[in-house]
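Have a look at the structure below before the remarks.
Numbers here are sequence positions counted from 1. All values below come from the heavy atoms of this structure, side chains included, with hydrogens, waters and symmetry mates left out.
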Amino acid sequence: MGNMLMIMGILIFLVTFYFIITEKYPKSLVSVIGGALMVVVNILNEKKALEVVGHNLEILVLLIGMMIIVEIMSETGIFQWVAIKIAQSVNGDPIKILALLSIVTATFSAFLDNVTTILLIVPVTIFLAKRLELDPKPFVLMQIFMSNIGGTATMIGDPPNLIIGSLGKITFNEFIVHLGPIVLINAIVLIVSASLYLKPRMHVSRELRATIMELDLSRTIKNKKLLMQSIIVFMGVILGFLTNSFTDIGLSIIAVLGAGILVVLSGKKPEDVLVKVEWDTLFFFGGLFVVIQGIEELGIVKMIGEYVVSLTAGNLELTSSLILLVSAGLSPIIGSIPHALSFGKIILEILPNYSGDTNVLWWSLSLGACLGGNMTIVGAAANMVGASVSKKVGIEITFKEFFKWGTIVVAQSVVLSLIYIYVRY
């Protein structure tokens, strides 16, 4: 009976991912049906499936709150204002715009969650690229990659780090000290290599650059009162996120409270705002959590863990390199959050077998899970949100396109990270 369940579980998992990757049907439908099938064939019961969604409700509610806040803020024109300001400060030079936006994205991502950063930056990026009559895709992809790299630097930057922090009892500051340097190196290398690669294609005529310089900043702000209100609410929410470690008010509650206050202040009808929430992304997440939990219930994760230890025979250097490589390979397939959860449990199981600075195993997991998320569209939440924001304005980033560039970026990150871990620990 056990073998039969195992085969069914793996089959549901593979078929679900096949349809997510080929995008023949909407991802949200596929993952919800996949999750439901895990319950139907009795790998999970309904209670367990709902508990998994419940455990991850913070992520879903956080997204809803931030989507609403960003939606109302974007109506004020603030993001166009920031973009034009950046573009004018470098005289409309596309490569410099790309580099500056990337730095802004990476910095924001370290202190906001990546999804919020992407929701803020991508619409602006597309607007600028279109003004310069350039293909917005490289710009959008670059922002997505940079958000995942920047988010790796802090405990709140990327959800896997929250999981790793709680499992490994690692403090907020330890993350910055141990992962900050390698994140900086990764970001610089990516900006330089992307700039060199894209430079030949980024020829923008003087006239087009001039049109950017002529854009009137004062006219981009459409509603000053709402702008002030939304900036105050937004700052309040960010303050809530930064102090959440000692106030213990959940991130999702802070986001939803902010969203509620902003809807009241803006005088909008709730139904008009809720239409703008990307429900398909939320349902996609929900279903995905259940599918992954099914795979974990079958004990597949535990088997991998035992295999890792027997392979490396207790050698810390080898194990940390292996965890980094396996994480970078697996997290883009199963998603960085479920991967960090399941692999975190593996690390807890194998820790007693090692001596020395065993925290290096947690750093390897974090680097692998967060940076590996750049490989596929489903690898990290920011990727999916970035793709759906682009799609709204008619720029379709396909799974294959993302994978082509993502693989190169991840290969670069992983090599740098392996060297860093080897040299530093």
Side-chain angles (χ1 to χ4, degrees), residues 1-67 115 159-160 163 252 256 274-304 330-345 369 373 376-388 391 398-399 402-403:
M1 186 61 206
N3 282 351
M4 193 59 202
L5 265 187
M6 184 76 97
I7 293 165
M8 297 285 280
I10 294 172
L11 201 67
I12 293 171
F13 177 79
L14 292 175
V15 171
T16 304
F17 270 84
Y18 167 76
F19 281 116
I20 288 171
I21 289 167
T22 53
E23 298 182 346
K24 287 183 179 167
Y25 299 101
K27 289 196 291 247
S28 48
L29 283 179
V30 173
S31 76
V32 167
I33 291 169
L37 285 175
M38 284 284 184
V39 178
V40 170
V41 301
N42 210 9
I43 289 172
L44 296 168
N45 57 21
E46 186 194 31
K47 183 168 178 280
K48 187 86 187 175
L50 293 175
E51 272 173 12
V52 176
V53 178
H55 275 306
N56 292 292
L57 209 55
E58 175 169 51
I59 298 169
L60 302 178
V61 176
L62 177 71
L63 283 173
I64 294 174
M66 292 317 279
M67 282 171 180
V115 174
I163 294 165
S252 58
V256 167
L274 290 171
V275 168
K276 299 283 170 63
V277 171
E278 302 186 17
W279 296 104
D280 53 335
T281 306
L282 300 169
F283 276 99
F284 171 61
F285 270 158
L288 203 56
F289 290 137
V290 178
V291 173
I292 303 293
Q293 185 61 32
I295 286 291
E296 197 171 316
E297 291 286 308
L298 293 168
I300 294 172
V301 170
K302 200 168 173 198
M303 280 160 30
I304 298 173
L330 273 183
S331 71
I333 303 167
I334 65 173
S336 56
I337 298 169
H339 173 77
L341 253 177
S342 44
F343 244 67
K345 289 172 186 167
T376 62
I377 270 196
V378 294
N383 310 9
M384 294 182 269
V385 174
S388 70
K391 201 171 171 180
T398 64
F399 194 92
F402 196 99
F403 184 68

For V32 versus F283, what's the shortest heavy-atom pair and its separation? CG2-O, 3.6 Å
Write down the atom of T16, the atom of I12, and the distance for their closest heavy-atom approach. OG1-O, 2.6 Å
Heavy atoms only: give me the nearest P332-T376 pair and the separation to one decimal. O-OG1, 2.5 Å
Could you go through the side chain to side chain contact (heavy atoms under 4.5 Å, CB included) check for I64 and V256 one step at a time? CA-CA 7 Å; I64 294 174; V256 167; 5.6 Å; no
Output for pair (E297 CD, M6 CE), nearest 0.5 Å, gives 12.0 Å
Any donor and acceptor pair, going by atom type alone, linking the side chain of D280 with main-chain N or O of K27 inside 3.5 Å? no
How many angstroms lie between atom CD1 of I7 and atom CG of L11, to the nearest 0.5 angstrom? 9.0 Å
Considering all heavy atoms of both residues, which atom of V291 and which atom of G35 are nearest to each other, and what is their separation? CG2-N, 3.4 Å
If you take all heavy atoms of L282 and V277, which pair is closest and at what distance? CD1-CG1, 3.8 Å
Checking F403 now: which residues fulfil ring-ring contact (aromatic ring centres under 6.0 Å, His included) with it, not counting sequence neighbours? none
Do the side chain of S331 and the main chain of H339 share a donor and acceptor less than 3.5 angstrom apart? no
Would you tabulate the side-chain donor-acceptor contacts of residues 37-45 under 3.5 Å, counting partners in other chains and residues two or more places apart, or write 'none'?
| residue | atom | partner | partner atom | Å |
| --- | --- | --- | --- | --- |
| N45 | OD1 | K47 | N | 3.4 |
| N45 | OD1 | K48 | N | 2.7 |

Determine whether L330 and F343 satisfy the following criterion, side chain to side chain contact (heavy atoms under 4.5 Å, CB included), listing intermediate values before the conclusion. CA-CA 10 Å; L330 273 183; F343 244 67; 4.1 Å; yes
Rounded at 0.5 Å granularity, tell me how far CD1 in I33 sits from OG in S28. 9.5 Å
Show the nearest heavy-atom pair for residues N383 and I377, with the distance to one decimal. CB-O, 3.1 Å
Just wondering, do V30 and Y18 contact through their side chains at under 4.5 Å, heavy atoms? no
